[in-house]
2 protein chains.
Amino acid sequence: MELEKITESKSSRRRYNDACGAAHALDIVGERWALLVIRELMFGPKRFSDIRASLPGISANVLTQRLEGLETFGVLTRKRLPPPASAWAYELTPWGYQAEPIFQVFGRWGASSPLHDPTLPLSAASILLSFRTMIDANRAEGFSARIGFTIGQEDFVATVADGEISIVREEVRDVAAHFIGRAEALAAAAYGAVPLETLEQDGALRVEGDRALARGFLTLFVLPDKAG
Amino acid sequence: MELEKITESKSSRRRYNDACGAAHALDIVGERWALLVIRELMFGPKRFSDIRASLPGISANVLTQRLEGLETFGVLTRKRLPPPASAWAYELTPWGYQAEPIFQVFGRWGASSPLHDPTLPLSAASILLSFRTMIDANRAEGFSARIGFTIGQEDFVATVADGEISIVREEVRDVAAHFIGRAEALAAAAYGAVPLETLEQDGALRVEGDRALARGFLTLFVLPDKAG
DNA sequence: CGGCATCCGGGAAGATACTG
DNA sequence: CAGTATCTTCCCGGATGCCG
């Protein structure tokens, strides 16, 4: 008898009912984990387990709910992978990819928090998105190179030219330098001023190819000043 | 004996434990209503009840919790108002004000959602922030004026010059045109192409001063294209 | 094994009533 | 007016289990 009321409450009581575009964005991605799921898809489609592996802490049922919600809102789509994988892959829609500026401004603002701890665990997508966000155009002006990354099982290639950087997820080939290791080590090298040698001795990071170039690449990025 | 574990779970289980700056931002403003509370403070300090009045749907205890949380994270501060008000006011810290780009990109992205409904209720802060976000530099190039707004009990003045707009909350004086009415009506006029006459007949909006200028002002803003 | 559905405990959000 | 107290509802997170 109260069925209509129950349905209504589930679908709309939890919304902000606010014409502000930002409030509507929060209706879509304001639930826990939603934005981080999108972040993990920013470099291309992934499978359920891959997303889960890069988001330690999310539980399977919550990931299922978020993927469902984001699909109904048109942020991502579900696709069958070609055999023999025959599993599902989740891919952002064009509009979903347009969420990248959200990570830029959120990342900048969050990184300038006095309580931000850059030594916590980090996913591959996070560190590579941060490169897009934090590159200093001045420092990158004279820099031009293709740099490869192997982080876990994922390969990425960054192309720096004319003060800009583009990063795609693809097999590492024909690169001038190649970083192999954990995302946290890459972050320590780029933002923490930890010497490459230290990281290599720890076995956290390995560099192949032009070491001087790799070193130069790591100097292109600057974190925002801490506030407060 | 499990006390330590319980304490630990309370403080950190709800965090993302992710070095990504965006994830840390979500630790701070990812809870429900938090970003909208910040939005309501973007034009200056407000009192508890003023915030609550502009966020229909938030309950008093949740607002209390958000204000406490945002204060401990350094996003806002609590101040005593000078007598005779002698009440508390909440004001963003400089770092809190730096969150404005979040509303810009969130607003743009949310407004390009196919499901965005611009006819829902709207706060004064929302519509004025949207003016900052959605102004089209080309259209505003030749436009120069001071425009006043009275929305509910709040007064704002927008100054447009050189394709840019600045908006502050202050008493409306020495303006070329003055909008008086509800935020929703202003949105309908600027984004919904609803004629001023219609809104005035409904009593939703009133315009004083230079009507041609007011009309021109309303043409400076464009919503992003809908995706999908 | 990957992708879910189901059940349960704890805790956050929401509504209402109440206090200084 | 500015919150607090309380109660209910619902979401999050973990575990288990089903099914291809």
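A note on names: the letters A, B, ... follow the listed sequences, proteins ahead of strands, and every chain is numbered from 1.
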Check every strand shown and say whether Ser49(A) touches a base, only sugar-phosphate, or nothing at a heavy-atom separation below 4.0 Å.
-> sugar-phosphate
Rounded to whole Å, the CG-P distance (Leu67(A) to dC4(C)) equals 8 Å
Pick out which of Arg47(B), Lys79(B), Lys46(B) makes a salt bridge (Lys or Arg N to Asp or Glu O under 4.0 Å) with Glu91(B).
-> Lys79(B)
Can the ring centroids of Phe149(B) and Phe217(B) be said to lie less than 6.0 angstrom from one another?
-> yes
To the nearest angstrom, the CG-P distance between Asn61(A) and dG9(C) comes to 16 Å
So does Gln65(B) get a side-chain nitrogen or oxygen closer than 4.0 Å to the phosphate oxygens (OP1/OP2) of dA12(C)?
-> no
Protein-nucleotide distance (Arg15(A), atom CZ; dG14(C), atom P), rounded to Å | 14 Å
Please confirm whether the backbone N or O of Val172(B) pairs with a side-chain atom of Arg146(B), one donor and one acceptor, at under 3.5 Å?
-> no
Can you check whether Tyr16(B) has a side-chain N or O nearer than 4.0 Å to OP1 or OP2 of dC12(D)?
-> no
Kindly confirm or rule out a cation-pi arrangement of Arg78(B) over Phe48(B), judged by NZ or CZ under 6.0 Å from the six-membered ring centre and within 45° of its axis?
-> no
Let me know the distance between CG of Leu63(B) and C1' of dT4(D), rounded to the nearest Å.
-> 13 Å
If you find the nucleotide of DNA chain C closest to Arg66(B) and the one closest to Ala60(B), which residue's nucleotide is nearer the 5' end?
-> Arg66(B)
Taking CZ from Arg32(B) and P from dG11(C), how many angstroms apart are they, rounded to a whole number?
-> 21 Å
Indicate whether OP1 or OP2 belonging to dA12(C) is found under 4.0 Å from a side-chain N or O atom of Arg14(A).
-> no
OG-CG distance between Ser113(A) and Asp27(B), expressed to the nearest 0.5 angstrom = 9.5 Å
Within less than 4.0 Å of OP1 or OP2 of dC4(C), is there a side-chain N or O belonging to Trp88(A)?
-> no
Taking only N and O in the side chain of Arg52(A), is any of them less than 4.0 Å away from OP1 or OP2 of dG3(C)?
-> no
Residue-phosphate contact under 4.0 Å: Arg47(B) side-chain N/O, dG3(D) OP1/OP2 | no
Whole-Å distance, Ile58(A) CD1 to dC11(D) P, equals 16 Å
In whole Å, what is the span from the CD atom of Glu31(A) to the P atom of dA12(C)?
-> 17 Å
Please state how far atom CZ in Phe48(A) lies from atom P in dG20(D), giving the value in whole angstrom units.
-> 18 Å
